[in-house]
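A short write-up of the structure that comes next.
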2 protein chains.
Amino acid sequence: MGGKKDMMSGDDIRNAGLKVTLPRVKILALLEQSEQGHVSAEDVYKLLLDAGEDIGLATIYRVLTQFESAGLVTRHHFEGGQSVFELDRGEHHDHIVCIKCGRVEEFFDQMIEDRQQEIAKEKGFTVEAHALTIYGYCKNAACRAS
Amino acid sequence: MGGKKDMMSGDDIRNAGLKVTLPRVKILALLEQSEQGHVSAEDVYKLLLDAGEDIGLATIYRVLTQFESAGLVTRHHFEGGQSVFELDRGEHHDHIVCIKCGRVEEFFDQMIEDRQQEIAKEKGFTVEAHALTIYGYCKNAACRAS
DNA sequence: CAACAAATGAGATGCTTTTGCATTCTGCCA
DNA sequence: TGGCAGAATGCAAAAGCATCTCATTTGTTG
Ligand SMILES: [Mn+2]
Ligand SMILES: [Mn+2]
Ligand SMILES: [Zn+2]
Ligand SMILES: [Zn+2]
């Protein structure tokens, strides 16, 4: 349960019951190689354009949503309007985001995970998901000057 | 730091550097008495209409945003499109939301708060804010049937 | 390689939130 | 208390993000 995975391929697309099309392959590859790992649909659109792939924004949204349903991709709702996507490598984690430069770092803390379960139990809830995002200034010099 | 506050009034509006207008008074009163405590701008709009106050939706958004800047109100970005607002009574807390009926409960856990600080420190971040929301099914019978 | 279903692109559309502007209201002072 | 300047409001238009429609193109399978 929740194993690792390093490389996504056309097989993953096929296994999701989707046709292996050029847009899907390119989008998956981009997520794979993406510097930051956390990108908006528009980021994907522009990065692909830079790479010479003119794929419609509507298709990007559609594909990302399909990938999400298939469990290949995770969607986050950080502050700032646009949804942010990242490849789902099977290991849950939460995020800490720099509100100055946008840098995103990941973390996983079992203690926090456990406490959430306990809190939910106390309140009679069954946990399906959770979103924890810390916002602050990263160590970057330029981000320090508040 | 972070004291309690039970009743908001025109003074709070004035102290925020805002004129005490009917829309502002009504919106603040509604948040004060609101059943659920967590309402969208449209909720506010409709509830006020029901109460016979026809205040423009644009004004509601403007006022809520101003209240937020003034620290009278907190805005949350739960899943589901609309922003959710609540009166800021000065005591930080996080939320657990039923994805079936929408019920929102609040909790505060010092252990989770502390761990976040530690994690941020490890990563060289200065924490400015955080958002933790647990999603699941509440104890309500109708919400149990997954 | 034909045939058909699935997928794509471009633009329309939907929804939430913000903004521009003419009109109305508040707070303040004479 | 009356009047004024600036602030606030309402309405409609616009903006931002995401989804949908539909004609056309592209995988996939036999
Ligand atoms: Mn991540
Ligand atoms: Mn709350
Ligand atoms: Zn930074
Ligand atoms: Zn419920």
Side-chain angles (χ1 to χ4, degrees), chain A residues 9-30 38-49 51-70 72-86 102, chain B residues 9-30 38-49 51-70 72-86 102:
Chain A
S9 73
D11 288 335
D12 294 288
I13 297 174
R14 211 185 320 276
N15 291 338
L18 301 169
K19 288 189 177 178
V20 181
T21 62
L22 186 141
R24 287 177 179 151
V25 170
K26 293 298 180 184
I27 292 171
L28 193 57
L30 185 147
H38 303 80
V39 293
S40 68
E42 202 176 341
D43 289 337
V44 172
Y45 176 70
K46 289 181 176 159
L47 288 168
L48 286 177
L49 259 194
E53 304 289 347
D54 192 345
I55 297 172
L57 188 52
T59 298
I60 309 233
Y61 272 108
R62 253 184 318 234
V63 170
L64 286 173
T65 301
Q66 291 160 342
F67 282 1
E68 184 188 16
S69 298
L72 294 178
V73 155
T74 303
R75 181 193 305 239
H76 304 294
H77 302 277
F78 298 156
E79 303 204 5
Q82 282 158 287
S83 292
V84 168
F85 302 83
E86 73 173 314
Chain B
S9 72
D11 289 334
D12 293 288
I13 297 174
R14 213 185 320 276
N15 293 338
L18 302 169
K19 290 189 175 180
V20 181
T21 62
L22 187 141
R24 288 180 179 147
V25 170
K26 293 299 180 185
I27 291 171
L28 193 57
L30 185 149
H38 304 82
V39 293
S40 68
E42 201 175 345
D43 289 338
V44 172
Y45 176 69
K46 288 181 175 158
L47 288 168
L48 285 177
L49 259 194
E53 304 288 346
D54 191 345
I55 297 172
L57 186 53
T59 298
I60 308 227
Y61 272 108
R62 259 185 310 234
V63 169
L64 287 173
T65 301
Q66 293 158 341
F67 282 0
E68 184 187 17
S69 299
L72 295 177
V73 155
T74 302
R75 181 194 307 238
H76 304 294
H77 303 276
F78 298 155
E79 303 201 6
Q82 283 159 288
S83 292
V84 168
F85 301 83
E86 74 172 315

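Chain letters run A, B, ... following the sequence lines, proteins first, then strands; residues in each count from 1. Just so you know, these numbers come straight off a predicted model, no measurement behind them.
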### Message
Does A:Thr59 reach a base, just sugar-phosphate, or nothing at all? Heavy atoms under 4.0 Å.
### Response
base
### Message
Measuring only between side-chain heavy atoms, which start at C-beta, is A:Ser83 closer than 4.5 Å to A:His77?
### Response
yes
### Query
In whole angstrom, what separates B:Gln82's CD from C:dT18's P?
12 Å
## Note on the structure
note: B:Phe78, atom CZ; C:dT16, atom P; distance rounded to Å ~ 17 Å
### Task
Could you check whether A:Leu57 gets within reach of a base, just the sugar-phosphate, or nothing at all, counting any heavy atom under 4.0 Å?
nothing
#### Entry: Whole-Å gap separating P (C:dA7) and CG (A:Leu64)
15 Å
### Query
Is the phosphate of C:dT8, meaning OP1 or OP2, less than 4.0 Å from a side-chain N or O of A:Arg24?
yes
### Task
Specify the separation, in whole Å, of atom CD1 of B:Ile60 and atom C1' of C:dT18.
15 Å
### Message
Taking any heavy-atom pair under 4.0 Å as a contact, classify B:Arg62: base, sugar-phosphate, or nothing.
### Response
base
#### Entry: Candidates C:dT18, C:dT8, D:dG6 - which lies nearest the side chain of B:Ala58
C:dT18
### Query
For the pair made of CD in B:Gln66 and C1' in C:dT26, what is the distance, rounded to whole Å?
14 Å
### Task
Could you check which of C:dT8, C:dA5, D:dC17 has an atom nearest any side-chain atom of A:Pro23?
C:dT8
### Query
Are any of A:Tyr61's side-chain N or O atoms less than 4.0 Å away from OP1 or OP2 of D:dA18?
yes
#### Entry: Validation row: B:Thr74, B:Phe67 side chains within 4.5 angstrom (heavy atoms)
no
### Message
Over all strands shown, is A:Ser83 touching base, sugar-phosphate only, or nothing at heavy-atom distances under 4.0 angstrom?
### Response
sugar-phosphate
### Query
With respect to the phosphate group of D:dA18, does any side-chain polar atom (N or O) of A:Thr65 fall under 4.0 Å of OP1 or OP2?
no
### Message
For B:Val63, is there any backbone N or O sitting under 3.5 Å from a side-chain donor or acceptor partner on B:Arg24?
### Response
no
### Task
Using the closest heavy atom to pick a nucleotide of DNA chain C for each, name whichever of B:Arg14 or B:Phe85 lands nearer the 5' end.
B:Phe85
#### Entry: Check against side chain to side chain contact (heavy atoms under 4.5 Å, CB included), B:Val84 and B:Val39
CA-CA 5 Å; B:Val84 168; B:Val39 293; 5.9 Å; no
### Query
Roughly how many Å is it from CG in B:Asp54 to C1' in D:dG10, rounded to a whole number?
9 Å
#### Entry: Sugar-phosphate, base or nothing in reach of A:Leu22, heavy atoms under 4.0 Å
nothing
### Message
Could you tell me how far apart A:Lys26 (NZ) and C:dG9 (C1') are, to the nearest whole angstrom?
### Response
18 Å
### Query
Hey, which of A:Val44, A:Asp43, A:Thr65 is the one that makes side-chain contact (heavy atoms from CB on, under 4.5 Å) with A:Ile60?
A:Val44
#### Entry: Between D:dT19 (P) and A:Glu42 (CD): distance, integer Å
14 Å
